[in-house]
Amino acid sequence: MNYLELLNKRYACKAMNGQKVPEEKINRILEAIQLAPTSSGLQPFEIFVVTNGDVKKEIRKIAWNQSQITDCSHLLIFAAWDTYTEDRINHIFDLTNKIRGVKNKGWENYRQQLLAKYPKQDNETNFQHASKQTYIALMSAMTQAINENVDCTPMEGFDSNKLDEILNLKEKGLRSTLLLPLGYRDVNNDWLVSLKKVRKPMSELVSTVE
Ligand SMILES: Cc1cc2nc3c(=O)[nH]c(=O)nc-3n(C[C@H](O)[C@H](O)[C@H](O)COP(=O)(O)O)c2cc1C
């Protein structure tokens, strides 16, 4: 399947059947998240993979009682850095130098540029910036999932403060942004499964400036 065919095939699954997704598929979906581009390559987020049934039940209660949370196989939680710190920025730049085996002047200047800017901004501004990066990774995960014939549901419908408490995210310097249940559609109970995909026409989406 080509990329556009995958995008057409994916849909926001509304009911899942509890079937387990093989670990190798989950690992490739996680790899798609790892490979997603991020601003300055900082990857300012972490992913939590929940398979524990009790924890899923607890999360469902604070997520609009959405059934996919307990009926999925693996529940991914995207959690963004609560702010940018010098340590966090330096860690990624040091990692880059280590992996590439070179120290580049331009790259080091860019490090100083970020160090002079991000840690001085307020935490909320930094969190909002980091949180945007999780949405790019979400799309990467969803497209790999459908490539693996795995269904998923992107979710913002949850109380992030309560989820942060359940997973002790505050102590880790993280804040939850998105949920992504991964599993298999329950064809008999999924009201969306056979409905047409709806998108506004290109004429409302795209303007050209020639
Ligand atoms: C950031 C984001 C948050 C969403 N939150 C939810 C959600 O909490 N529950 C849900 O059932 N669908 C949720 N959706 C699914 C959208 O409603 C769905 O993607 C949209 O209607 C387009 O349909 P499609 O994904 O089937 O093409 C979310 C989608 C995105 C991108």
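The shown structure was predicted, so the numbers you read here are calculated from the model rather than taken from an experiment. Every number for a ligand or one of its atoms is a count from 1 in the order of the listing.
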Sole candidate of Arg28, Lys9, Arg10 that passes salt bridge (Lys or Arg N to Asp or Glu O under 4.0 Å) when paired with Glu148: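 Considering Arg28, Lys9, Arg10, a salt bridge (Lys or Arg N to Asp or Glu O under 4.0 Å) with Glu148 is found only for Arg28.
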According to the salt bridge (Lys or Arg N to Asp or Glu O under 4.0 Å) rule, which pairs have a member within residues 75-98, sequence neighbours left out?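 Applying salt bridge (Lys or Arg N to Asp or Glu O under 4.0 Å) to every pair that reaches into residues 75-98, excluding sequence neighbours, yields Asp82-Arg88, Asp94-Arg111.
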Taking side chain as C-beta onward, heavy atoms only, is [X] less than 4.5 Å from [Y]?
{"X": "Tyr184", "Y": "Met16", "answer": "no"}
{"X": "Phe48", "Y": "Leu174", "answer": "yes"}
{"X": "Tyr84", "Y": "Leu42", "answer": "yes"}

Please list the nearest protein heavy atom to [atom] with its residue and the distance rounded to 0.1 Å.
{"atom": "atom 5 (N) of ligand 1", "value": "Glu156 N, 3.0 Å"}
{"atom": "atom 27 (O) of ligand 1", "value": "Lys197 NZ, 2.5 Å"}
{"atom": "atom 9 (N) of ligand 1", "value": "Gln66 OE1, 2.8 Å"}

Any idea which of Ala12, Ala63, Cys13 brings a heavy atom closest to atom 18 (C) of ligand 1? Ala12
Taking the minimum heavy-atom distance to atom 31 (C) of ligand 1, which of Pro181, Pro154, Ser67 ranks first?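 Looking at heavy atoms only, Pro154 sits closest to atom 31 (C) of ligand 1.
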Under the salt bridge (Lys or Arg N to Asp or Glu O under 4.0 Å) rule, collect the residues that match up with Asp71, sequence neighbours excluded. none
Could you tell me, atom by atom, which parts of ligand 1 come under 4.0 Å of a heavy atom of [X]?
{"X": "Arg10", "result": "24 (P), 25 (O), 27 (O)"}
{"X": "Tyr135", "result": "1 (C)"}
{"X": "Lys14", "result": "10 (C), 11 (O), 12 (N)"}

Take atom 20 (C) of ligand 1 and look for protein heavy atoms under 4.0 Å from it; say yes if you find one, no if not. no
So, the side chain of [X] versus the backbone of [Y]: is there a donor-acceptor pair under 3.5 Å, distance only?
{"X": "Thr38", "Y": "Gln43", "value": "yes"}
{"X": "Ser140", "Y": "Ala32", "value": "yes"}
{"X": "Thr134", "Y": "Phe78", "value": "no"}

May I ask you to check whether [X] has an N/O atom sitting below 3.5 Å from an N/O atom of ligand 1?
{"X": "Leu178", "value": "no"}
{"X": "Trp64", "value": "no"}
{"X": "Thr153", "value": "no"}
{"X": "Tyr11", "value": "no"}
{"X": "Gly157", "value": "yes"}

Between Arg175 and Glu124, does the salt bridge (Lys or Arg N to Asp or Glu O under 4.0 Å) criterion hold? Intermediate values first, please. CA-CA 11 Å; Arg175 290 169 64 182; Glu124 188 58 30; 2.9 Å; yes
For ligand 1, note which part of Arg199 has a heavy atom under 4.0 Å away: side chain, backbone, both or neither.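 Under 4.0 Å from ligand 1, Arg199 contributes side-chain atoms alone.
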